[in-house]
Structures are given as structure tokens and as C-alpha cells.
Amino acid sequence: MNKTKSSPKHFIRSIASNDIERGVYEGLYTRFPPEPNGYLHLGHAKSICLNFGLAEDMGGRCNLRFDDTNPEKESIEYMESIKNSVAWLGFEWAHLRYASDYFEDLYGFAVQLIEKGLAYVDDLDAEQMREYRGTLTEPGKNSPSRSRDIKENLDLFARMRAGEFEEGSYVLRAKIDMSSPNIVMRDPIIYRIRYAHHYRAGDAWCIYPMYDFTHCISDALEGVTHSLCTLEFQDNREIYDWILANITIEENLLGDKGRTMPRQIEFGRMNLEYSLASKRKLVQLVNEEHVSGWDDPRLTSLEGLKRRGYTPASIRNFCAEIGVTKKDSVIEMTVLENAIRNDLEASAKRVFGVLQPLKVVITNYPEDTTESFTVKNHPKDEEMGTRELSFSREVYIDREDFMMDPPTDFFRLSPGKEVRLRYGYAITCDDVITDDAGEIIELHCRYDPLSAKGKTADGRKIKGIIHWVNAADAINVETRVYDRLFTAANPGAADDFIALINPNSLQTYADAKVEASVLHADPEDRFQFERVGYFCFDSKDSASGKLVMNRTVSLRDTWAKQQR
RNA sequence: UGGGGUGUGGCGAAGCGGUUAACGCACCGGAUUUUGAUUCCGGCAUACGAAGGUUCGAAUCCUUCCACCCCAGCCA
């Protein structure tokens, strides 16, 4: 696997190193704070690389913290999957934390706020609450509960926790400003009643803190210095700062007292063309079985990409490549493909594989002879060694490398034409055998015995070079070739994204053939099928009896491009 | 009609008052090549959302305007 590029400069790094230089903070501390309510995708990878990467580069630390304050959506399964994905990308968290571990502390801070007259228990129902909130252009108005005295608030809040009230009957609100132009500041709810089982806290609680209250405090407790999040939280920064300014944290989890509060910085989301990140839509794709599951290799979930054959390094390089700015970006698929090609070009073993086998009989080659060519596993990297490639009278070539009636610039095989079998001999096509339906089933060719080792006796150049596998010991393998899942660059914007599913996003070649050496490969190995693309074993469906290989990405193909 | 953001080539992205306006992807040429791969060379914005202004000098400063994104969950 390749090294990852060092992350480039961007505005967050400048701010952070500036803060450290000026002594605002002693060292960098970040966190990646997913809610365990789904699987990670490429967009999360950007955040992971930003948070963990920055800490790595600046000699800081980064926590993995689950922002698990909504028991109705979260589960252990998601949490485990997220941990695996972060680890797979190659990052190590300083601490594994859970917001749910802070529930007791959070409750205490809420009490602090009430005691200061900065929070109150409200009995408005959801609809009234919305009415009182005002609109984008009109200020809200104070709830009648806003004037409730501190003692009563304390009592009510304690009874909320004790389970004396129904869901939705009371909430705890911060007392800020109902006429703030920033709607987030219009007395935001910080606790609600929910009789739901929490995947970690169990049934210990029936009140749960809201994001705005929880997140900033969690950061502060963990000693986070820079709290990086996406653009849509810009308005929330005001409440983030307000909460931290109005509570007193005696000592954080690191044992620090009087530590400087964390600073929230927002960055733009990444969108990938021809893909979907919306959780709801992905669930639909999975449930309606348009894809095989959350780890379908056509999905840009991290598990999908992993199964597809993407390496952690390629994803980290991709994230370094797309940059970090304050605007939402739309990244072209080729950037992702470029990242994995760069990695695999250097690291993948070269091997011969034929997706659509066409039998070639070499009529002037002896029937009972097998010879062996010693070939390189990598054209440039000698350290990757060599392997033996067997050759005999019958071989398979790819149907795409033969054309009955080719254009002049097609320099592969066709009737009467000569082509080189890579690493082997030059052959000329004499006969094309068809079946009753006119389907080509076999080619009869003649080889030039003096054409081994890339030479020819008369010095003639052979332009066309094709790959092949020896029929006698070829291994059968099912190969799955993937294309973009959608036919539109932004399927999420369409009314009916299901209608935009690319019918050719998965093509299965059940009878593909690969050279014998693949049998002894490690399940984790990646290959380049020369002239075809990069492949890996499918982690779910491949077994020793039945090999299944996924095409991670094709090779660049100027010939195919020219044909379009 | 409120508030918060963003606008540099097809897509990303540097640039922070004086640069020929980096770089990556894509694209177009050409060289090398037993992968039509890789590699290598070369091309690719008189132009920085628009219009004014300040200045000897602006993508960078000021003004106005325009476009797009986010915010009215007891989601995060």
C-alpha cells in the first residue's frame, strides 16, 4: 500500500496552528463525533481525515466520540460499524467516548443553568412552541412558562427526570432571546422527555439532552480545542458559545482546571457525483433491494468502498486531494478513481484474467506440450518478483480483443491479422469457427515459434499485444464489474431517484478465467488484470471453491474513450 | 422583508495590494512502452459572480448589486 500524502494547507489548519502558536491552547485536540444512527460514507471520511489527520500532523490528539443522545435512532450495530470504519482508515483515537457517558454531568450543568435563571421548564406543546418561535422574518414571543421561578423549575426538572410526566408534556429550555434574528437562539430546547431504551444507557434515563446542549459540553469535558463541523452548524455556533459561557466546568476529563473553551469551526460538505449520501434514500435502496446491502460495492459507504477494493490509503489521499474550504463541493467521480488507480498501480500484482473467454487453438503448436514463461509481477517494481505462466495449444483470449471486421486503428486480433500474446508468441488468425447461430465460438491460429521474448526473427514490429490464459489450467472465477449506480450526476435532486439507477451498474461475468497463480493468493490481495483493471476478492461471496472477484476500477482506456 | 454563509477555468483548489493567476482531476497534443496501462514532455482562465471606486498598481481594499446554500425538529 502506498503512503498517504501529507495533508495540504487549508484555513482550518491555519487557524489551529495560529491558536497554538499564540498560546490560546497548549496543543491541538479534535474529535470525530458521529451519531451511531447509520453507516459511514465518503463524506464522513472527509471529516475523519480532517479531524484525525490534523491531530496527526500537528502532534495533537483526536477522540472518537459517539454523539448518542437520541435513543430512538441509535444502535450498537451502527456504533460497531463506525468504529470499524475509522480503524480501517488507519486512525487511532486518543479516547473512545460517548456523549451518553456524560448524561449525569449534563444533567448537572442543566441544573446550573436553571439555578442561574438561564433555563426554564416549559409546558407548551410542540405546536404551540412552533407558533411562539416566530418565523424567519418575525420575532418569536415569550412562553408563559418563561417567568416560572427557579425553585419551581428545579422541582419540575427533577420530576421530569423522575419520570413523573408524559413524553412531550414538558421540556427544558435555555432562556436566551425569543426575538433573536438567529432562530437557534430563541430559547432552544435542551432537554426532552423520551421513554425510550438507550442502546448504552438502557432505561436509566427518560429525559435526553439535545445536540446543542450536549455537543459543546462534551467537547469541553474532553479538552477539545477545535470542534470541526459542517457548514449547516454555523448558526449553532452562537448557542455553542453561549452554553459554554454560562456553565462552570470545574475540571475536565483530562484533569485540567480552568481550561480555555473549545472553538467551533465549520467547513463545507463534500458531494460526490453519481452517488447518494442521504441516509433515508440509502435505506430505500437497501430495503427495496436495488443494492445488495450497506456494503454493496456500488455504494460510497465506507464498507461498500472497502468491499469494492478501495484501500484506506486511496481514501485518505482522496480526502487530501479534495481540500477543505468553506463551500460545499461537488467532486467528480474521476478524482476518486484517480486516487485508487494511483495506489493500485504501484501496489497491485499483475496477473492475466479474461472476462469473456474466447478459445484460441494454436494449430501448429504440439498437442502434448506445455511450456512456461517467467513473467514479472510488476513492470517496474523488481521487488515484487516473478511468476510462472503456463502455455499450451489452447488458450483463452478476451472476446473484446477479437473483431471480425475491424477498423484500421484496431490493433488486436482479427482474421488474417497477427497479434502478440503478451509474454508469449505472436499468433495469426487463420480461421473463425462459428456455431449454427453464427456465434463465434473458437479461433484457429498459427504461432510463430521464433517470436518468443518480444522478438521476431525478421525484426518486424507487432503492434497489437493481448493478454490470455492457458486453457488447461485456467481457474474459473466469477467477476463483477461495477459502474456508477446512477445515470444522473445528482440523483438526490431528482423527484424519483430510483428511476435513475443505472441498469448496467453491475455486470457479472460468471465464466471468467484467470491464470493459475491466483489460486494461491491471499484473500486480501489486489490484482491488476493486465489491460483490464484492478480486482480484489469479494469478501462475502468468494470462497475457495468458488472465487468471486470485484473490479475495483478499470484501467484508463484511451481506446474505449476513442470509440465513444 | 430576518439571520448566517459562499462565489477563482468543466470539477476541485492555491492565492491575503506588485506572481507569466500555483497545483490536482478532466480534456487536447506528442514521446517512450511486450499492459491502447504506467511514465515523460507540451497545451489548456488577458481572467478571478457583476458594476463602480481607492491606488502608480487589485482576484486580493471599499461600495452597491446579483446568484447560490443553510436556519422556523421535543433530529444531529
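Quantities reported herein were computed from a predicted structural model and do not represent experimental measurements. Note on naming: letters A, B, ... go to the chains in the order of the sequence lines (proteins, then strands), and numbering restarts at 1 for each one.
A gap of 13 Å separates the P atoms of B:A22 and B:C16, to the nearest Å. When the P atom is used for both B:A72 and B:A67, the distance is 23 Å, rounded to whole Å. Straight-line distance between the C1' atoms of B:G53 and B:G17: roughly 15 Å, to the nearest whole Å. Only the P atoms considered, B:C25 is 25 Å distant from B:G49, to the nearest whole Å. Only the P atoms considered, B:G10 is 24 Å distant from B:C70, to the nearest whole Å. B:A21 sits 12 Å from B:A13 when the C1' atoms are compared, rounded to a whole Å. With C1' as the reference atom, B:C11 and B:C44 are 15 Å apart, rounded to whole Å. Comparing the C1' positions of B:G9 and B:C23 gives an interatomic distance of 13 Å, to the nearest angstrom.
Listed nucleotides B:U35, B:A26, B:G3 differ in distance to A:N182; the shortest reach to its side chain belongs to B:G3. Of the candidate nucleotides B:A72, B:U35, B:G36, B:A72 has the atom lying nearest to any side-chain atom of A:I183. Nearest to the side chain of A:L136, among B:U34, B:C75, B:G2, sits B:G2. Here B:U34 is the nucleotide among B:C74, B:C75, B:U34 with the atom lying nearest to any side-chain atom of A:Y423. Taking only side-chain atoms of A:F411, from C-beta outward, the nucleotide of B:G5, B:G36, B:A76 with the closest atom is B:G36. Ranking B:C74, B:U35, B:C70 by closeness to the A:E232 side chain, first place goes to B:C70. Side-chain atoms of A:F410 lie closest to B:G36 of the nucleotides B:C75, B:C27, B:G36. Counting only heavy atoms from C-beta on, A:T137 has its side chain closest to B:U1 among B:A76, B:U35, B:U1. You'll find that the side chain of A:K453 is closest to B:U34, out of B:U34, B:G2, B:A26.
Base pairing of B:C68 is made with B:G5, judged by Watson-Crick or G-U wobble geometry with both donor-acceptor distances under 3.5 Å. Nucleotide B:A37: unpaired (no Watson-Crick or G-U wobble partner with both distances less than 3.5 Å). B:U63 and B:A51 make up a base pair, with Watson-Crick or G-U wobble contacts both under 3.5 Å. Under the Watson-Crick or G-U wobble criterion, with both distances below 3.5 Å, B:G10 is paired with B:C25.
OP1 or OP2 of B:A76 has at least one side-chain nitrogen or oxygen of A:T69 nearer than 4.0 Å. Here A:R531 reaches the OP1 or OP2 of B:G36: one of its side-chain N or O atoms lies under 4.0 Å away. Residue A:R130 places at least one side-chain N or O closer than 4.0 Å to OP1 or OP2 of B:G73. Residue A:T325 places at least one side-chain N or O closer than 4.0 Å to OP1 or OP2 of B:A13. Dashed line: the shortest gap from a side-chain N or O of A:K463 to OP1 or OP2 of B:U34 is not under 4.0 Å. Under 4.0 angstrom from either OP1 or OP2 of B:U8 there lies at least one side-chain N or O belonging to A:K327. The phosphate of B:C74 (OP1 or OP2) has a side-chain N or O of A:R133 nearer than 4.0 angstrom. Within the 4.0 Å cut-off from OP1 or OP2 of B:A37, at least one side-chain nitrogen or oxygen of A:T558 is found. Between A:R192 and B:C75 there is a side-chain polar atom (N or O) within less than 4.0 angstrom of OP1 or OP2.
Nearest-nucleotide positions on RNA chain B place A:K46 closer to the 5' end than the other of A:I193 and A:K46. Remark on RNA chain B: of its neighbouring residues A:K455 and A:I322, the 5'-side contact belongs to A:I322, judged by nearest-heavy-atom nucleotide.
With ring centers used as reference points, A:F103 lies under 6.0 Å from A:Y208. In summary, the aromatic rings of A:F486 and A:Y274 are positioned with their centroids too far apart to meet the 6.0 Å limit. Taking the centre of each ring, A:F213 and A:F109 stay at or above the 6.0 Å mark. You'll find the ring centres of A:F233 and A:Y211 inside the 6.0 Å limit. Checked against the 6.0 Å centroid threshold, A:F373 and A:Y423 do not count as a close aromatic pair.
Here the C1' atom of nucleotide B:A76 and the OH atom of A:Y240 are 14 Å apart, to the nearest Å. Here the P atom of nucleotide B:A14 and the CD atom of A:E321 are 12 Å apart, to the nearest Å. Between A:M210 atom CE and B:G73 atom C1' the separation is 7 Å, expressed in whole Å. Atom CG in A:L336 sits roughly 15 Å away from atom P in B:G12 (whole-Å rounding). Per the geometry, CZ belonging to A:R422 stands 5 Å off C1' belonging to B:U34, to the nearest Å. Whole-Å rounding puts the A:H10 NE2 to B:G15 P distance at 12 Å. Rounded to whole angstrom, the span from the CD atom of A:Q234 across to the C1' atom of B:G3 amounts to 12 Å. One can place CG of A:L344 at 13 Å from P of B:U38, the figure rounded to the nearest angstrom.
Nucleic acid contact for A:I189: base, since at least one base atom lies under 4.0 Å from a heavy atom of the residue. Across all strands shown, A:N236 has heavy atoms under 4.0 Å from base atoms, whether or not it also approaches the sugar-phosphate. Residue A:R341 is out of contact with every strand shown, counting any heavy-atom pair closer than 4.0 Å. In this structure, A:R186 reaches neither bases nor backbone, as no heavy-atom distance under 4.0 Å exists between it and the strands shown.
Remark: side-chain polar atoms of A:R200 are not paired, donor with acceptor, to backbone N or O of A:S75 under 3.5 angstrom. With hydrogens and angles ignored, the 3.5 Å screen pairs no side-chain donor or acceptor of A:R551 with any backbone N or O of A:C536. Side-chain atoms of A:R133 never come within 3.5 Å of backbone atoms of A:G140 as a donor-acceptor pair (strictly under, hydrogens ignored). Checked by atom type and distance alone, the side chain of A:K46 never pairs as donor or acceptor with a backbone atom of A:V324 at under 3.5 Å.
On a pure distance criterion of 3.5 Å, no polar donor-acceptor pair joins the side chain of A:K326 and the base of B:U6. Looking at A:E332, its side chain comes within 3.5 Å of the base of B:G10 through a donor and an acceptor atom. The base of B:U35 sits within donor-acceptor range of the side chain of A:Q528, with an N or O pair under 3.5 Å. With hydrogens and angles ignored, a donor-acceptor pair closer than 3.5 Å exists between the side chain of A:D235 and the base of B:G3. On a pure distance criterion of 3.5 Å, no polar donor-acceptor pair joins the side chain of A:R556 and the base of B:U38.
Ring stacking is absent between A:Y211 and B:A76, as the pair misses the limits of under 5.5 Å between centres and under 30 degrees between planes.
Its glycosidic angle being more than 90° from 0, B:G30 falls on the anti side.
Salt-bridge annotation for A:D212 and A:R237: absent, with no side-chain N of the basic residue lying under 4.0 Å from a carboxylate O of the acidic one.
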